[in-house]
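It should be emphasised that the depicted structure is a prediction, and the values quoted were computed from it without experimental measurement.
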Amino acid sequence: MFDLPILLDWASFAIRWLHVITAIAWIGSSFYFIALDLGLNRNIAGPADGEEWQVHGGGFYHIQKYLVAPDQMPDHLTWFKWEAYSTWLTGAALLMVVYWAGAELFLIDQSKTSLPTWAGILISAASLTIGWLVYDRLCKSGLAETPTRLMLILFALLVVMGWGYTQVFTGRAMMLHLGAFTATIMTANVFFIIIPNQKIVVADLKAGRTPDPKYGQIAKLRSLHNNYLTLPVIFLMLSNHYPLAFATQYNWIIAALVFLMGVSIRHFFNTMHARKGSPWWTWAVTIGLFLAIVALSVAGRPSPDYDEATALPPHAARFAAAEGFEDATDIVMGNCSMCHAREPLWDGMAHAPRGVYLETPEDVALHARQIYLQAGMSMAMPPANLTYMDAESRALLVRWYEAGRASEG
């Protein structure tokens with residue numbers, strides 16, 4: 001009853017839920033403090049760098065900001081760090097459950113490379129670490145004195161990473177890993193730079209020393225990067241629901257344009273919060289970038305080729321040889337292929353849901369686990385049971401999958 005695919009699916013659900021909750025907390029606090037900092041009234045007397053009066057939930061709040069630190073530390077000081085750490089930890093766990101445990105299905109693109117599973121997982125893990133080290137080195141170089149040039153180089157690094165991922169990984173995994181790559185940079189900024197610098201300032205104040213303002217300036221630069229990277233990360237994390245974004249020839253260019261969209265949107269709100277006007281031209285740029293993404297999603301779309309013989313990977317070959325495969329194939333093709341086709345027959349559908357094709361026996365073998373979970377153990381597919389798939393057919397799909405699993409050992 002509780003076999004590995006079911007346990008992994010529920011683990012993915014639970015971790016994803018927690019990941020979304022912690023991400024909301026982190027992004028919410030990040031957006032709030034960016035808007036607060038930009039909107040401060042700095043025309044005030046006293047040691048504070050700025051202040052803001054706000055109203056929320058029936059109460060009034062009077063907030064003051066000190067550029068370095070107050071003359072005396074308060075007894076109670078709230079640190080905003082656990083939101084970022086929890087978001088990264090749950091995201092890393094989700095990456096392991098979905099893309100490492102399911103590497104044969106979701107991580108490595110067998111049509112591009114014959115890498116073994118362990119090599120794909122190694123690339124996945126190492127790239128996140130190496131990416132942070134390269135980024136951190138760039139920030140600690142002389143480029144920190146020219147933030148715009150540093151951002152352009154960071155953008156180039158992200159584009160190169162997107163292209164590199166797509167040479168090995170599936171389109172879905174490329175998008176997710178580029179998001180994880182960026183999120184790792186953001187979280188490491190908090191863990192290795194922003195919080196340690198704030199702790200240095202706090203320690204200096206407690207010891208009666210005057211804090212060096214450079215620590216606040218360094219932290220502010222990293223916080224600015226996090227501000228502009230947040231929206232693209234959200235897009236990349238949601239992209240696996242939209243095959244027109246990830247399962248296309250130019251998916252890595254689409255990802256690059258998403259980063260530019262994030263910059264244009266954040267520039268509008270940052271400028272508005274700083275009370276420097278509303279640069280509406282940024283929305284024209286954003287719409288133009290989005291239209292370019294839409295065009296790229298259908299450009300160079302390959303025509304279907306059903307005669308091209310390709311060797312099935314080992315995990316799929318086991319299910320193709322399992323007892324009940326022919327009957328399972330007939331069931332899937334009779335109930336699923338009208339939508340899950342390279343050229344869907346369902347009115348108004350331009351692309352197979354989630355980029356899953358189920359119109360050849362090879363397709364069925366490749367997606368055995370998804371068929372088992374979506375149409376065998378649950379009634380998620382077909383949606384609303386439009387084709388009236390009966391219980392006997394679903395039970396046959398389960399028996400076929402279990403026969404394929406039994407052949408693994």
Side-chain angles (χ1 to χ4, degrees), residues 98-99 102-115 119-120 123-124 127 131 155-182 232-262 285-313 316 336-346 348-360 362-363 366-367 370:
V98 176
Y99 289 92
E104 292 180 322
L105 291 174
F106 303 123
L107 183 63
I108 302 172
D109 190 330
Q110 300 292 339
S111 67
K112 299 173 183 176
T113 179
S114 56
L115 282 176
I123 292 173
S124 170
S127 64
F155 172 69
L157 174 63
L158 292 169
V159 173
V160 170
M161 287 304 302
W163 176 85
Y165 279 137
T166 201
Q167 304 307 305
V168 179
F169 294 160
T170 64
R172 172 178 167 173
M174 180 278 291
M175 288 280 194
L176 187 283
H177 276 77
L178 192 57
F181 177 88
T182 309
V233 168
I234 296 174
F235 181 99
L236 295 169
M237 294 307 181
L238 294 175
S239 65
N240 64 64
H241 296 284
Y242 300 95
L244 283 174
F246 71 78
T248 61
Q249 182 177 351
Y250 301 110
N251 49 18
W252 64 278
I253 301 179
I254 289 175
L257 296 182
V258 167
F259 280 101
L260 296 181
M261 285 177 60
V285 172
T286 302
I287 293 172
L289 290 168
F290 185 75
L291 292 176
I293 288 173
V294 173
L296 286 170
S297 71
V298 296
R301 182 179 178 182
S303 58
D305 185 354
Y306 305 99
D307 298 325
E308 182 180 355
T310 55
L312 287 172
C336 311
S337 61
M338 62 170 49
C339 294
H340 289 278
R342 289 153 181 85
E343 293 182 344
L345 300 177
W346 191 269
M349 184 174 291
H351 201 286
R354 304 195 75 169
V356 175
Y357 302 128
L358 297 173
E359 54 184 336
T360 69
E362 291 76 15
D363 293 337
L366 282 167
H367 298 95
Q370 291 156 291

**Q** What residues, two or more places apart in sequence or in another chain, satisfy side chain to side chain contact (heavy atoms under 4.5 Å, CB included) together with Leu157?
**A**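 Expected list: Val134, Leu154, Met161, Phe181.
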**Q** Less than 4.5 Å apart, side chain to side chain, heavy atoms only: is that true for Gln167 and Trp252?
**A** no
**Q** So, using side chain to side chain contact (heavy atoms under 4.5 Å, CB included) as the criterion, who are the partners of Leu105 when residues are at least two apart?
**A**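 So Leu105 forms a side chain to side chain contact (heavy atoms under 4.5 Å, CB included) with His315, Arg369.
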**Q** side-chain contact (heavy atoms from CB on, under 4.5 Å), that's the test. Do Ile293 and Met261 meet it? Break it down for me.
**A** CA-CA 10 Å; Ile293 288 173; Met261 285 177 60; 3.5 Å; yes
**Q** First locate atom CD of Glu362, then atom OG1 of Thr360, and finally report the distance between them rounded to the nearest 0.5 Å.
**A**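 If I round to the nearest 0.5 Å, the distance is 4.5 Å.
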**Q** In this structure, are over 12 heavy atoms from other groups packed under 6.0 Å from Phe155 atom CZ?
**A** yes
**Q** Write down the atom of Asn251, the atom of Gly171, and the distance for their closest heavy-atom approach.
**A** ND2-CA, 3.4 Å
**Q** Could you walk me through whether Glu359 and Leu345 pass the side-chain contact (heavy atoms from CB on, under 4.5 Å) test, one step at a time?
**A** CA-CA 12 Å; Glu359 54 184 336; Leu345 300 177; over 6 Å; no
**Q** Can you name the nearest heavy-atom pair linking Phe259 to Pro232, along with the distance?
**A**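 For Phe259 and Pro232, the tightest heavy-atom pair comes out as CD2-CB, 3.5 Å.
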**Q** Does Leu296 form a side-chain contact (heavy atoms from CB on, under 4.5 Å) with Leu257? I'd like the steps, not just the answer.
**A** CA-CA 10 Å; Leu296 286 170; Leu257 296 182; 3.7 Å; yes
**Q** Here's a test for you: under side-chain contact (heavy atoms from CB on, under 4.5 Å), which of Met175, Gln249, Lys112 qualifies with Thr166?
**A**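 When Met175, Gln249, Lys112 are each tested with Thr166, the side-chain contact (heavy atoms from CB on, under 4.5 Å) holds only for Lys112.
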**Q** Side chains of Leu176 and Phe246: closer than 4.5 Å at any heavy-atom pair?
**A** no
**Q** List the atom of Gly355, the atom of Pro243, and the distance in Å for their closest heavy-atom pair.
**A** N-CB, 3.2 Å
**Q** If every non-hydrogen atom of Ser297 is compared with every non-hydrogen atom of Val294, which pair is closest and at what distance?
**A** OG-O, 2.6 Å
**Q** For the residue pair Pro344 and Ala352, what are the closest heavy atoms and their distance?
**A** CG-N, 3.7 Å
**Q** Who are the side chain to side chain donor-acceptor pair (under 3.5 Å) partners of Ser111, not counting sequence neighbours?
**A** Asp109
**Q** Does Ala119 have any side chain to side chain contact (heavy atoms under 4.5 Å, CB included) partners at least two apart in sequence or in another chain, and if so, which?
**A** Leu115, Pro116
**Q** Do Arg342 and Tyr357 meet the cation-pi criteria used here (NZ or CZ under 6.0 Å from the six-membered ring centre, within 45° of the axis)?
**A**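 Output yes; distance and angle both within limits.
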**Q** So, taking the atom named CG in Leu238 and the one named CG in Asn240, what distance separates them when rounded to the nearest 0.5 Å?
**A**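 Output value for this atom pair is 7.5 Å.
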**Q** Report the residues that fulfil side chain to side chain donor-acceptor pair (under 3.5 Å) with Ser127, sequence neighbours left out, ordered by chain and then residue number.
**A**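 With sequence neighbours excluded, Ser127 shows a side chain to side chain donor-acceptor pair (under 3.5 Å) to Tyr165, given in chain and number order.
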**Q** Please name all residues satisfying side chain to side chain donor-acceptor pair (under 3.5 Å) with Ser124, sequence neighbours left out, ordered by chain then number.
**A**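 Counting only residues at least two positions away or on another chain, Ser124 forms a side chain to side chain donor-acceptor pair (under 3.5 Å) with Trp100, His177.
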**Q** Out of curiosity, Met174 CE to Leu107 CG, how far, rounded to the nearest 0.5 Å?
**A**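 If we round to the nearest 0.5 Å, Met174:CE and Leu107:CG are 13.0 Å apart.
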**Q** Work out which heavy atom in Ile254 is nearest to a heavy atom in Ala245; give both atom names and the distance.
**A**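 Ile254 and Ala245 have their closest heavy atoms at CD1-O, 3.9 Å.
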